Amino acid sequence: MLNDWVKVAKVSNLRDPDMMVVNAGKNEILLAKVNGVYYAINNVCSHAYAMLDQGTLHADALEVECPLHESYFHLETGAARHPPAEEPVATYGVKVEGDDILVGPKA
Ligand code: FES
């Protein structure tokens, strides 16, 4: 949960498609860019303790695959789309100001 917008990266830090882990306060967030659109979801898998930035980005499906048990999470909704994970991961808003990428509360 984020109440304020936090600068987490520069536009030049991400290719397209690409993903990276960023920190916003106590939140470890997976920041992704696909087809010019930024997405931000919680970086910790909802199934067990694995970091989604260590997984695989499936840009065509807007999904990231967990490296541990291969669950898939939708970048826009955070929904778990493949077992064993059933719970979604949190999603965040993303905006760009100049060269800066900010994450914050989702509208
Ligand atoms: S830890 Fe991610 S699917 Fe099990």
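What you see is a predicted model, and the numbers here were worked out from it, not measured in a lab. Note that ligands are numbered from 1 as they come in the structure, with each ligand's atoms numbered from 1 the same way. Because only heavy atoms are used, hydrogens play no part in the values below, and waters and symmetry mates are left out as well, while side chains stay in.
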Taking the N/O/S atoms of H69 one by one, which is nearest to atom 4 (Fe) of ligand 1?
->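 Among the N, O or S atoms of H69, the one closest to atom 4 (Fe) of ligand 1 is ND1.
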Which single N/O/S atom of H47 lies at minimum distance from atom 4 (Fe) of ligand 1?
-> ND1
Angle class for the Y72/H58 ring planes (parallel below 30°, perpendicular above 60°, tilted otherwise)?
-> parallel
Quick one: closest heavy-atom pair of V103 and V8, and the distance?
-> CG2-CG1, 3.6 Å
In terms of atom number and element, which parts of ligand 1 are under 4.0 angstrom from non-hydrogen atoms of [X]?
X: L68; result: 1 (S)
X: A48; result: 1 (S)
X: S71; result: 3 (S)
X: A50; result: 1 (S)

Do D16 side-chain atoms and N35 backbone N/O form a donor-acceptor pair below 3.5 Å?
-> yes
N13, CG atom: more than 12 neighbouring heavy atoms under 6.0 Å |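 Above 12, so yes.
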When clusters are formed by joining ILVMFWY residues with side-chain heavy atoms under 4.5 Å apart, either directly or through shared neighbours, do V6 and V11 land in the same one?
-> yes
Electrostatic pair K10:D99 at N-O distance under 4.0 angstrom | no
How open is the angle at atom 2 (Fe) of ligand 1 from atom SG of C45 over to atom SG of C66, rounded to 10 degrees?
-> 110°
